[in-house]
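Down below is the structure, laid out as structure tokens.
Atoms within each ligand, like the ligands themselves, are counted from 1 in listed order.
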Amino acid sequence: MRPLNENDVTAEELFVNRRKFLKLGAAGLVANSAVMDLLAKEFMPKANLQYVKDSNPEQLVLNSFEQITSYNNFYEFTTSKEGVKYLAHTLKTDPWSIEIDGLVEKPFVIDVQDLIKKYTLQERIYRFRCVEGWSMVVPWVGFELSQLIKDVKVLSKAKYIRFETKYDDEMFPDQSRGLFAALDYPYAEGLRLDEAMNPLSLMAVGLYGKTLENQNGAPLRLVVPWKYGFKSIKSISKISFVEKEPLNSWQKSNPNEYGFFANVNPEVDHPRWSQKRERVLGQLFKQRTLMFNGYEKEVAHLYKNMDLTRYF
Ligand SMILES: Nc1nc2c(c(=O)[nH]1)N[C@H]1C(S)=C(S)[C@@H](COP(=O)(O)O)O[C@H]1N2
Ligand SMILES: [Mo]
């Protein structure tokens, strides 16, 4: 088939006859960015959140809403990245409470919507790099984790923050598989308190201006863009302040391959594959992976005297 050219379809036809458009085949379209933009716009969600826009100073090229919501890691549903979105409807996010406990002045439980209401939402356009070697650029909407930490009055003994995903085996099919489950649930993650206080650390409640889809970790998920994706824990129901470094789910399941820090680092390979390059969703060719995923200026100081091959 000859490659598609602008004269072949008008924008109008694209919208009224998507099936015809898809029949033309993806291969001929890859290079035609005007057509790709039109297709992406067709899938654009209706924004419902109010937030301060990110000026995107680096002019990062966004992945489409369709891409971000159709290729997911969320093992509580399935290990199939394409499958998550078809199963995620069993997650019920209203009502949803968040428990805040451990080394804080006064532990408490709060409804997630009441928590979110306290903060002015901001858009944050971040690179997102999975440890498996794929990446994307996502326009998250959320608030800084540092704001929450300041509000809960953490005791000086606290050195780490620990997050837990909800445990409910009626909502998450893989949680009911017991010994045959893909991971030991509830999914847990942690950050050193100074990492959590870094202005890049975001509590996300939406993307593309819209409340998070279940598959992306509704109603509240962490986003730490300089770390591999598994640190960005989804559907959080508990936040604890603790003295000792918490064990995260992936470290627990395979300590030789996954550590606590999980900073994106092209110089430290995964035992089974190189981390030098990554495939951006929707791109044919791989690109170079950046130190700290491109956020070296913002976070390198956090790891000044640490051997990053040891603290991986
Ligand atoms: N609770 C929970 N959080 C999770 C995961 C998971 O399986 N369960 N997968 C992690 C991994 S490996 C990645 S790459 C990202 C994927 O986020 P996305 O589906 O929104 O792209 O979520 C992270 N958070
Ligand atoms: Mo990942």
shortest atom 8 (N) of ligand 1-to-protein heavy-atom contact is with Glu76 OE1, 2.8 Å

Counting heavy atoms under 4.0 Å, the part of Arg221 that contacts ligand 1 is side chain

Atom 7 (O) of ligand 1 sits nearest the protein heavy atom Tyr75 N, 2.8 Å

message: Any carboxylate oxygen within less than 4.0 angstrom of a Lys/Arg side-chain nitrogen, looking at Glu82 and Lys85?
response: no

Residue, atom and distance of the protein heavy atom nearest atom 6 (C) of ligand 1 read Tyr187 CE1, 3.4 Å

Residues at least two apart in sequence or cross-chain that pass side-chain contact (heavy atoms from CB on, under 4.5 Å) with Asp151, listed by chain then number, are Tyr119

Any heavy atom of Phe128 under 4.0 Å from ligand 1? The part involved is side chain

Q: Please answer whether the main-chain N or O of Val131 pairs with a side-chain N or O of Gln275 as donor and acceptor at a distance below 3.5 Å.
A: yes

**Prompt:** Got an N/O contact under 3.5 Å between Asn72 and ligand 1?
**Reply:** yes

Per-atom filter on ligand 1: closer than 4.0 angstrom to a heavy atom of Cys130 are 14 (S)

For atom 24 (N) of ligand 1, the closest protein heavy atom turns out to be Ser232 O, 2.9 Å

TODO: Please determine, by modelled atom types, if Ser240 and Asp101 share a side-chain donor-acceptor pair under 3.5 angstrom.
DONE: yes

Looking only at protein heavy atoms, what sits closest to atom 9 (N) of ligand 1 is Asn73 O, 3.2 Å

>> If you count heavy atoms of other groups shown closer than 6.0 angstrom to CZ of Phe108, is the number above 12?
In response: yes

(request) Please check if Tyr86 and Leu91 belong to a single hydrophobic cluster, counting links between Ile, Leu, Val, Met, Phe, Trp and Tyr side chain heavy atoms closer than 4.5 Å. (result) no

Q.
Side chain or backbone, does Thr165 bring an N or O within less than 3.5 Å of an N or O on ligand 1?
A. yes

Taken to the nearest 0.5 Å, the spacing of Thr289 OG1 from Tyr228 OH works out to 6.5 Å

Met136 heavy atoms within 4.0 Å reach ligand 1 at atoms 21 (O)

If you scan protein heavy atoms around atom 19 (O) of ligand 1, the nearest is Lys234 NZ, 2.6 Å

Leu87 meets the side-chain contact (heavy atoms from CB on, under 4.5 Å) criterion, sequence neighbours left out, with Phe77, Thr78

